[in-house]
Undergrad: 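Got a structure for you, written out below as structure tokens; questions coming shortly.
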Amino acid sequence: MIDLASMVALRAVDTHGSVVAAADALGFTPSAVSQQVKRLERQVGVPLLERIGRGVMLTHAGRHLVDEGSRLLADMESLESGLHEQTTTVAGRLRLTAFSTAMRGLVAPVARELLAAHPELALTLSEREPWDTIDLVATGHSEIGVVHSWGDVPLSIPDHLVTTELHRDVADVIVHRDHPLAQLAKVTPHDLVAEDWIATPEGTICRQWLNRMYAGTGHLPRIAHVSMEFDSHLALVRAGLGIALVPRMGRADLGEELVDVRVVDPVPTREILGLHRRTMAASPAVAAVLAALAGQNSGQQSGQKSGESSGQNSSGQNSAEASD
């Protein structure tokens with residue numbers, strides 16, 4: 001009898017290209033993954049992997065086993081979800097993958113209460129970029145993903161994944177309090193063409209949106225410094241090295257040195273989406289996690305609206321935001 005856990009390990013090796021990368025994705029040691037693959041080879045009686053340089057690839061038999069076995073794993077997943085639905089039990093281990101600001105602003109605030117309310121539920125958390133998250137959920141290496149989609153920047157989601165809108169987040173331009181822009185209630189991209197930017201690396205979704213935001217200005221953003229983390233962006237702006245476009249969700253306190261300025265025409269907005277496979281649609285555990293994440297953001301939105309109605313921006317500076 002073919003061991004299903006070993007099938008999952010083989011599929012992970014195929015997806016990630018090496019035993020080490022597969023182990024990282026599954027939360028196992030490389031030795032454990034190697035043993036699972038070897039166990040599977042003994043069960044089927046043929047080699048399933050061959051070494052290519054520093055990586056590995058599937059043999060012809062391995063490819064057949066992964067392609068055919070993926071349907072079997074999907075059926076088993078659907079069967080398990082259906083059983084949990086019958087008992088309405090929020091139980092089992094879910095792997096949740098999210099981008100960094102969602103991990104800080106969405107997942108972390110609800111995780112403790114969620115696990116306390118459902119003692120039979122276990123979460124394994126992993127922080128990845130949206131494209132990686134989509135791939136992990138699509139290939140069965142994560143049960144729930146949280147991704148963001150900026151405006152018209154394309155985000156390709158396979159048909160066998162279900163999306164749930166969790167929140168709509170807005171980004172502001174962050175400037176030093178001594179910067180001339182700090183005195184403005186709002187800016188447009190035309191006001192920013194001469195500014196030095198601190199931005200995420202080329203190819204990231206946030207960088208793509210920053211480039212598209214400049215459409216119609218006849219310019220591209222002038223990138224002075226590149227950093228992956230928004231916390232680093234804030235530190236560099238605090239040092240007077242440029243300005244940055246930083247989302248509100250999961251954003252660290254700006255303190256007294258930084259000011260957030262609203263952007264219009266267009267407003268930098270990103271849609272926060274939860275993802276899961278259709279085979280898990282009946283899972284009470286998946287439903288409970290997504291409901292908790294959506295509820296967390298409903299509270300955040302109410303708080304933001306309350307702050308805006310008092311005539312303050314999110315760093316506490318007096319502004320005319322409420323008039324727009």
Side-chain angles (χ1 to χ4, degrees), residues 97-108 126-137 145-157 163 165-176 181 186-193 195-217 219-239 241-254 258-275 297 300 304 314-315:
T97 308
F99 56 97
S100 59
T101 51
M103 193 68 80
R104 292 195 297 270
L106 251 186
V107 179
S126 177
E127 194 172 288
R128 299 293 179 93
E129 284 295 290
W131 288 304
D132 294 333
T133 295
I134 292 171
D135 180 58
L136 289 170
V137 177
V146 180
V147 301
H148 58 87
S149 175
W150 283 95
D152 61 348
V153 177
L155 188 66
S156 179
I157 298 176
T163 63
E165 183 177 325
L166 301 175
H167 182 48
R168 285 186 179 270
D169 191 25
V170 175
D172 303 301
V173 169
I174 308 300
V175 302
H176 194 277
L181 292 176
K186 61 178 184 275
V187 294
T188 72
H190 289 276
D191 300 319
L192 306 172
V193 294
E195 299 296 331
D196 288 336
W197 283 94
I198 297 142
T200 57
E202 190 67 56
T204 59
I205 294 176
C206 297
R207 180 70 167 272
Q208 289 183 29
W209 168 253
L210 181 61
N211 290 338
R212 289 179 184 233
M213 193 175 80
Y214 268 62
T217 66
H219 298 80
L220 285 173
R222 193 165 69 191
I223 308 300
H225 308 285
V226 174
S227 173
M228 193 67 193
E229 287 296 326
F230 287 123
D231 282 355
S232 299
H233 291 205
L234 297 182
L236 295 175
V237 175
R238 194 172 285 113
L241 299 178
I243 67 174
L245 186 70
V246 182
R248 295 176 185 175
M249 188 178 71
R251 188 164 75 196
D253 181 66
L254 298 182
L258 301 181
V259 176
D260 54 347
V261 183
R262 221 159 44 92
V263 185
V264 296
D265 300 328
V267 176
T269 304
R270 60 178 181 171
E271 187 177 28
I272 312 301
L273 301 172
L275 307 174
N297 280 288
Q300 286 186 356
Q304 287 177 355
S314 58
S315 63

Undergrad: Would you please name every residue forming a side chain to side chain contact (heavy atoms under 4.5 Å, CB included) with Ser149, sequence neighbours left out?
TA: Leu155

Undergrad: Between Arg128 and Ser100, do the side chains contain an N or O donor and an N or O acceptor separated by less than 3.5 Å?
TA: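 Note: Arg128 and Ser100 side chains miss the donor-acceptor criterion.
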
Undergrad: Only counting residues at least two apart or in another chain, list the ones meeting side-chain hydrogen bond (donor to acceptor under 3.5 Å, both in side chains) with Trp209.
TA: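 With sequence neighbours excluded, Trp209 shows a side-chain hydrogen bond (donor to acceptor under 3.5 Å, both in side chains) to no residue whatsoever.
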
Undergrad: Residues in side-chain hydrogen bond (donor to acceptor under 3.5 Å, both in side chains) with Arg207, at least two apart?
TA: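 Glu202.
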
Undergrad: Identify, with sequence neighbours excluded, every residue that meets side-chain hydrogen bond (donor to acceptor under 3.5 Å, both in side chains) alongside Glu165.
TA: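 With neighbours one apart ignored, the set is Arg168.
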
Undergrad: Using a strict 4.0 Å threshold on nitrogen-to-oxygen distance, state whether Lys186 and Asp191 make a salt bridge.
TA: no

Undergrad: My understanding is that only residues two or more places apart in sequence, or in another chain, count here; which of them pass side chain to side chain contact (heavy atoms under 4.5 Å, CB included) with Ser232?
TA: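 By the side chain to side chain contact (heavy atoms under 4.5 Å, CB included) rule, Ser232 matches Ser227, Glu229.
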
Undergrad: Using the test side chain to side chain contact (heavy atoms under 4.5 Å, CB included), find all partners of Thr217 that sit at least two apart in sequence or belong to another chain.
TA: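 Side chain to side chain contact (heavy atoms under 4.5 Å, CB included) check on Thr217 returns Pro189, His190, Val193, Tyr214, His219.
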
Undergrad: Report the residue from Thr101, Asp169, Asp172 that forms a side chain to side chain donor-acceptor pair (under 3.5 Å) with Arg248.
TA: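 The passing option is Asp172.
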
Undergrad: Which residues satisfy the side chain to side chain contact (heavy atoms under 4.5 Å, CB included) test with Asp196, sequence neighbours excluded?
TA: Arg222, Ala224

Undergrad: Check whether Arg104 reaches the backbone of Gly250 with its side chain - one donor and one acceptor, N or O, closer than 3.5 Å.
TA: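 Answer holds: yes.
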
Undergrad: Return the set of residues passing side-chain hydrogen bond (donor to acceptor under 3.5 Å, both in side chains) with Glu129 (not counting sequence neighbours), or none when no residue passes.
TA: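 Expected list: none.
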
